[in-house]
Amino acid sequence: MKEIVYASATNLAQAIRGKRISSAEVVLAHLQSIARLNPKLNAVVQLAADGAIAQAKKADQALGRGEIWGPLHGVPITIKDGWETEGIISSAGTPGRASFVPAKDATVVARMRSAGAIILGKTNVPELSLTNETDNAVYGRTNNPYDLSRTPGGSGGGQAAIIAAGGSPLDIGCDAGGSIRLPSHFCGVAGIKVTTGLIPMTGYFPLPTGVRAQLTAAGPIARAVEDLVMTLPIIMGVDWRDPMIVPRAFDHPTAVDLPSIRAAFYVDNGIIPPTAETAEVVRKAASVLDRAGVVVQEARPPAIHQTSEIFSSLMGADGGAEVEAGLQLAGTTEMSPWLKRRRDALTGRQISSAEFSALLAKLDAFRRSMLSFLEKFHVILCPVNASPALPHGSTYDGDNNYRFSYAQTYNLTGWPCAVVRGGTSPEGLPIGVQIVSRPWCECTALALAAHLESNLGGWQPPNLPGL
């Protein structure tokens, strides 16, 4: 069964279309894998087994008639619980929506279904997707498949955990402060946060608005970079609902000539140093690209040290009103301990409209400085986080919150960032590399991610007893 559940979505799609395996067999294998894995991981929180089996049979029958629904014909996937899914409970991890069943799919979900994907179920999130640990009052805590005592991160912890363990080949994430990249790093899988404005957020709860909409972007998570490449042209593009989205053609990574690329790399962002092993993985990735002909230089954008100050100021500018509004919209009367801790940390930090205008001016200056750095470089290599996966419950302890600044920088810029596993910590935990590219140049980030994946090993199966 591992040959099936460890296969990439791309390979599964090819095998199904080639009739070397049926969609029904693939779906059943993944359902069996979830049944085995989920008691330890608690990553899949709603299972749509009956619907998935029925849809798989229809996919096989359609293929027998010569019909192909799309590039993902008959391939099972999971969907992060923040995205609304027609006919499947979509709670966003908050009690007020614990029984909420949407009547309509989110745009990205509808597009994945139209491409032939079959939804196995929903993956766990923090309450309202607002914290870096996947734990909520509806479904509880998700565990990291490489060490059950550690977090898979948030907000995409459920999706990264089940993908890494072999219960799903593919999921769609959303990233406002690292929610795709941190779980990908913590769980050793591949993920990409695209340029803000490329993929519609329509149907995500709570819907990012205002400044948060400028910091938020969607993107796929998978074990293989080739699956990110396959998925992006399916889910990107204008949906005439999300006003942030611009029409763009998809540039395929195979068109990228590595020797024409100029890459900067840094291992320390000037806010908090990374672990020695994290720094070594980034240096090793830079060396791999150098050998491939990429022009590599150690350099860091000078504005990066402002990341934590600007990001935390933006998140706290309303004094926690955004948290309260999300709870009210959901009908939740009592928040989870994790969300309460976040809300309490924001209480009293609200600023005046004049102070907020000054903060936005500071953000613009930061973005201008960061963009000027990219005049000389096509990509930046750096850590995803200052350390591998943290123990459960420690996100806000001491200076741990600063560890996430490596990801937050590129929410402030809105640039595309791919993550791929580049190494392993002494504790056996995955260590990812973050590949940041110029805005609208996802193809460059993906091309380098694919090269690093093939040379550094990429995803590796967990080796825990029972998994």
Side-chain angles (χ1 to χ4, degrees), residues 45-46 79-110 122-140 142 154-159 172-180 196-197 199-218 239-245 311 314-351 353 356 411:
V45 292
Q46 286 292 326
I79 294 292
K80 181 183 182 183
D81 196 32
W83 297 107
E84 295 191 345
T85 45
E86 180 182 350
I88 307 172
I89 289 176
S90 303
S91 76
T94 193
R97 286 169 60 100
S99 301
F100 175 71
V101 180
K104 186 178 181 181
D105 282 331
T107 296
V108 296
V109 176
K122 306 296 291 292
T123 48
N124 206 18
V125 295
E127 186 167 15
L128 302 179
S129 299
L130 288 178
T131 61
N132 288 322
E133 295 205 29
T134 298
D135 191 351
N136 61 64
V138 180
Y139 299 117
T142 298
S155 60
Q159 52 191 167
I172 308 297
C174 164
D175 190 318
S179 292
I180 290 172
T196 301
I199 297 174
M201 293 302 302
T202 308
Y204 196 86
F205 187 90
L207 185 67
T209 58
V211 171
R212 182 172 284 273
Q214 297 180 38
L215 307 183
T216 302
D239 71 345
W240 302 105
R241 296 294 182 273
D242 186 336
M244 295 285 292
I245 307 305
F311 190 86
L314 286 169
M315 294 299 102
D318 65 0
E322 179 190 35
V323 175
E324 297 291 350
L327 293 169
Q328 184 175 4
L329 191 60
T332 298
T333 56
E334 185 174 345
M335 69 185 79
S336 66
W338 270 108
L339 190 58
K340 185 177 187 301
R341 192 169 178 180
R342 175 184 170 91
R343 194 278 313 272
D344 291 349
L346 300 176
T347 301
R349 291 178 54 191
Q350 62 266 33
I351 59 179
S353 57
F356 189 62
N411 291 101

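Annotation: ring-ring contact (aromatic ring centres under 6.0 Å, His included) contacts of F205 (sequence neighbours excluded): none. Considering only residues two or more places apart in sequence or on other chains, R212 meets the side-chain contact (heavy atoms from CB on, under 4.5 Å) condition with L130, A176, P208, T216, M315, E322, R342. Annotation: side chain to side chain donor-acceptor pair (under 3.5 Å) contacts of D175 (sequence neighbours excluded): R181, N411. Remark: E324 engages R343 in a side chain to side chain donor-acceptor pair (under 3.5 Å) (not counting sequence neighbours). For the salt bridge (Lys or Arg N to Asp or Glu O under 4.0 Å) test, residues two or more places apart in sequence or in another chain that qualify with K340 are D344. Scanning for salt bridge (Lys or Arg N to Asp or Glu O under 4.0 Å) contacts around R241 gives an empty result, with sequence neighbours left out. Legend: residues meeting side chain to side chain donor-acceptor pair (under 3.5 Å) with T94, ordered by chain and number and at least two apart, are E127, T332. Taking the side-chain contact (heavy atoms from CB on, under 4.5 Å) definition, one finds that I351 meets it with A317, E355, F356, L359, sequence neighbours left out. Listed by chain and number, the residues in a side-chain contact (heavy atoms from CB on, under 4.5 Å) with A110 are D105 (sequence neighbours excluded). Taking the side chain to side chain donor-acceptor pair (under 3.5 Å) definition, one finds that D242 meets it with nothing, sequence neighbours left out.
Residue pairs meeting the salt bridge (Lys or Arg N to Asp or Glu O under 4.0 Å) criterion with at least one partner in residues 87-102, sequence neighbours excluded, are E84-R97.
A pairwise comparison of heavy atoms in T142 and G157 identifies CG2-O, 4.0 Å as the closest pair. N124 and G140 make their closest contact through ND2-O, 3.1 Å (heavy atoms, listed as atom of the first residue, atom of the second, distance). Residues A106 and W83 come closest through the heavy atom pair CB-CE3, 3.7 Å. The two residues T123 and K80 come nearest to each other via the heavy atoms OG1-CA, 3.1 Å. The shortest non-hydrogen separation linking P95 to E334 is CG-O, 4.2 Å. Closest heavy-atom contact between M201 and C174: CE-SG, 3.2 Å.
The shortest distance between side-chain heavy atoms of I245 and T202 does not fall below 4.5 Å. Counting only heavy atoms from C-beta outward, the side chains of P126 and T134 approach each other to under 4.5 Å. Between Y204 and V108, every side-chain heavy-atom pair lies at or beyond the 4.5 Å cut-off.
For the atom pair CD1 of I199 and OG1 of T196, the computed distance is 10.5 Å after rounding to the nearest 0.5 Å. Interatomic distance, S155 OG to N132 CG, rounded to the nearest 0.5 Å: 8.5 Å. The line from CD1 of I172 to OG1 of T107 is 12.5 Å long, rounded to the nearest 0.5 Å.
Not one N or O on the side chain of N136 forms a donor-acceptor pair closer than 3.5 Å with the backbone of S336.
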Distance-only donor-acceptor pairs under 3.5 Å for side chains of residues 85-92, two or more places apart:
| from | atom 1 | to | atom 2 | distance (Å) |
| --- | --- | --- | --- | --- |
| T85 | OG1 | I88 | O | 3.3 |
| T85 | OG1 | S90 | OG | 3.1 |
| T85 | OG1 | K122 | NZ | 3.0 |
| S90 | OG | T85 | N | 3.2 |
| S90 | OG | I88 | O | 3.0 |
| S90 | OG | K122 | NZ | 2.9 |
| S91 | OG | D81 | OD2 | 2.6 |
| S91 | OG | G93 | N | 2.9 |

